[in-house]
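In each ligand, atom 1 is the first atom listed, and ligand 1 is the first ligand listed. Sequence positions, counted from 1, serve as the residue numbers for this chain.
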Amino acid sequence: MQPTDRRLANAIRALAMDAVETANSGHPGMPMGMADAATALFTRHLKFDAADPRWPDRDRFVLSAGHGSMLIYALLYLTGYERPTLDDIKRFRQLGSPTAGHPENFELPGVEVTTGPLGQGVGMAVGMAIAERHLNAVYGDELVDHRTFVIAGDGDLMEGVNHEAVGLAGNLKLGRLIVMWDDNSITIDGSTDLSRNEDVVARHKAAQWHTCECDGLDSDDVSRAIEEALADPRPSLIRCKTIIGYGAPNKQGTAATHGAALGKAEVEAARAELGLDPTEFSVPDDVLTAWRAGGKRGAVDHALWKDRLENSGRKDEFLAQLNGKVSDAWLKPYLDKLLADLKPVATRKASEMALEAINVAIPATIGGSADLTGSNNTKTKNIEPLTAENYAGRYLYYGIREFGMAAAMNGMALHGGVIPYGGTFLVFADYARPAIRLSALQRARVIFVMTHDSIGLGEDGPTHQPIEHLQSLRAMPQLQVYRPADAVETAECWALALQSDEPSVLALTRQNLSPLRTDAAGENLCARGAYRLKAADNARKVIVIATGSEVEVALAAAQRLEAEGIGADVVSMPCTERFDAQPADYREGILPDVSNREVLRVSIEAGTTFGWERYTGLHGLRIGIDRFGVSAPAPDAYDYFGLTPDKIALRITDFMKTRGIQ
Ligand SMILES: Cc1ncc(C[n+]2csc(CCOP(=O)(O)OP(=O)(O)O)c2C)c(N)n1
Ligand SMILES: [Mg+2]
């Protein structure tokens with residue numbers, strides 16, 4: 001006889017309780033409350049094949065409430081994924097185990113995205129649903145026809161990014177997105193009444209979502225609600241009424257079950273209450289057999305899909321797009337054309353010029369902006385808007401939703417088949433920052449086009465002028481921050497960002513910059529992160545390191561030094577991360593390991609000097625801006641902060657005099 005759904009769900013409850021108990025750390029309440037709902041989803045609706053977690057046409061499942069990680073670990077184990085094994089689950093949250101505290105996409109196939117920072121799972125799911133509709137529009141139902149399911153908690157729906165994500169999904173009519181809300185009225189501090197009285201369902205309705213409700217503790221009722229959601233053309237919110245920690249007789253329904261082991265006595269009481277085997281980590285044979293059958297449900301669909309792929313005339317093209325490798329064949333012809341007709345141009349404009357070539361050569365790119373399309377220069381002529389009426393389009397109007405945009409871009413990149421790039425002002429990187437952090441942690445190839453990268457934006461003033469942003473982004477691991485100095489560097493940085501397996505930020509100017517690289521280099525000089533743009537003519541006394549718009553200022557200052565007999569190298573450093581990764585002999589060739597008395601190192605960047613001692617040494621000279629900016633035309637702002645060639649040359653010679661450097 002087939003075990004009941006409740007018994008299947010209780011296997012999740014048992015594993016969650018035992019794993020948290022063994023680790024004496026973790027969150028049993030959420031998996032126990034949502035066990036029945038997850039059972040309905042995984043055994044009846046979700047399209048997946050545990051034998052091939054990467055099958056491209058699988059449904060995507062996002063556990064946005066990542067603290068309930070034992071829910072997904074239990075589901076993956078029970079349905080027969082290769083990992084986690086039962087031993088992995090016994091080592092929940094331990095060093096080196098793939099069953100990390102929160103689900104991590106780089107640890108386990110089957111974990112589609114890294115969650116834990118609440119709200120972002122829903123945001124990424126929106127991106128996955130966008131990628132799915134887009135690829136469906138391009139390749140058709142035969143190859144792309146899947147859904148994105150999310151389990152989200154009260155916290156996910158309270159976070160600000162949720163409001164952005166819900167608005168975006170409503171406007172794009174992402175009917176393949178289904179969010180199951182674990183409505184247990186509890187968060188860490190206690191009842192949700194302490195902090196929320198909004199009507200969550202009405203909010204989704206207002207954003208043009210379909211909504212329905214169910215008893216989250218009754219698999220049949222959950223299944224009925226999922227059917228209803230599947231049938232509706234709008235994105236769906238299913239309100240699952242649940243009880244946190246369901247099955248723990250003395251603690252269920254309270255915040256005590258949220259994030260701590262239940263304790264031996266309560267676990268024993270729960271086992272009795274739920275009719276479970278008294279042995280830890282045990283799953284009855286008939287229950288495991290039923291779960292494993294659930295894990296194979298998708299095998300037939302998978303086989304049929306493979307047939308369709310074989311018979312599709314577009315197999316190679318489709319697989320190549322999914323595989324995500326891109327060529328930089330566009331770069332050389334583009335640079336040849338550029339070098340033939342050099343003129344001053346803002347790097348944001350140079351980015352648009354490069355994108356004109358990129359978007360023709362690479363069909364996987366999907367551009368966009370958080371309502372600054374004309375300022376970020378992100379829309380090229382050959383791409384159409386991606387809208388509810390035209391999912392085949394490749395340009396997203398994200399609206400004024402920087403965080404929602406960045407989270408959606410992560411979801412798109414992790415879905416695969418598309419390479420998202422999106423723009424805003426660099427200063428508003430802060431609005432997107434938690435998602436940028438997840439791009440980096442997850443190694444998602446997303447490209448942030450961040451324009452207006454300094455006081456050079458001028459009159460908009462200190463609210464819009466980034467100061468600490470470049471350095472704070474450089475401080476983030478696994479993120480490449482590029483600040484190109486002219487149109488050639490901008491194209492080179494684009495090529496690097498596209499070929500990277502990490503996210504990138506392109507920091508670009510509003511103001512025009514002179515062409516600095518005027519000859520074909522034959523190689524991508526930005527790939528080294530920093531290179532000598534000009535060697536000293538006189539005996540070298542100074543090495544000036546500059547980035548972006550300050551490179552041309554550095555060159556002009558160096559000329560003034562040379563006129564005084566002081567030899568000065570100018571190093572353009574478009575990407576500190578890449579420079580740091582070069583072999584020591586290359587780095588020493590650029591920045592020789594000699595004292596600042598012999599060769600003074602100077603950094604110039606129109607932002608905080610914080611951190612530049614990394615390259616100048618403690619006794620070097622750091623020229624930048626260690627306060628908020630000013631509202632003024634850009635040339636006046638540069639002059640005010642002493643960032644002109646004359647003032648810089650004078651500062652360097654004064655510094656050399658006071659330090660007794662000959
Ligand atoms: C952005 C963010 N802020 C705070 C936390 C810490 N945190 C983890 S779970 C949680 C409460 C979430 O409540 P709910 O979603 O209702 O989960 P439940 O208690 O029902 O499992 C908080 C505040 C977090 N993970 N992410
Ligand atoms: Mg809750």
I need the contact residues for ligand 1: any residue with a non-hydrogen atom closer than 4.0 Å to the ligand, ordered by chain then number. M30, H67, G116, P117, L118, G153, D154, G155, E159, N184, I186, T187, I188, I244, H258
Classify the angle between the aromatic ring planes of H102 and H27 as parallel (below 30°), tilted (30 to 60°) or perpendicular (above 60°). tilted
Which pairs of donor and acceptor atoms, one on a side chain in residues 169-178, lie under 3.5 Å apart (sequence neighbours left out)?
unit_1	atom_1	unit_2	atom_2	d
R176	NH1	D145	OD1	2.7
R176	NH1	H146	O	3.3
R176	NH2	D145	OD1	3.1

Going by an N to O cut-off under 4.0 Å, is there a salt bridge joining D220 and R44? yes
Would R271 and D18 pass as an ion pair if we require N to O under 4.0 Å? yes
Check which protein N, O or S atoms are less than 2.8 Å from the Mg ion (ligand 2) and report how many there are. 3
Cationic N near anionic O, under 4.0 Å, R13 to D36: yes
Considering only NZ, NE, NH1 and NH2 on the basic side and carboxylate oxygens on the acidic side, decide whether D183 and K241 come within less than 4.0 Å. yes
Determine, stepwise, if the pair R234 / Q208 fulfils side chain to side chain donor-acceptor pair (under 3.5 Å). CA-CA 7 Å; R234 295 165 292 176; Q208 313 302 325; 5.9 Å; no
Would you list the atom pairs, donor with acceptor, under 3.5 Å between side chains in residues 244-252 and any protein atom, with sequence neighbours excluded?
unit_1	atom_1	unit_2	atom_2	d
N250	ND2	E266	OE1	2.7
K251	NZ	L262	O	2.8
Q252	OE1	G247	N	2.8

Answer yes or no: is there a side-chain heavy-atom contact under 4.5 Å between V179 and P235? no
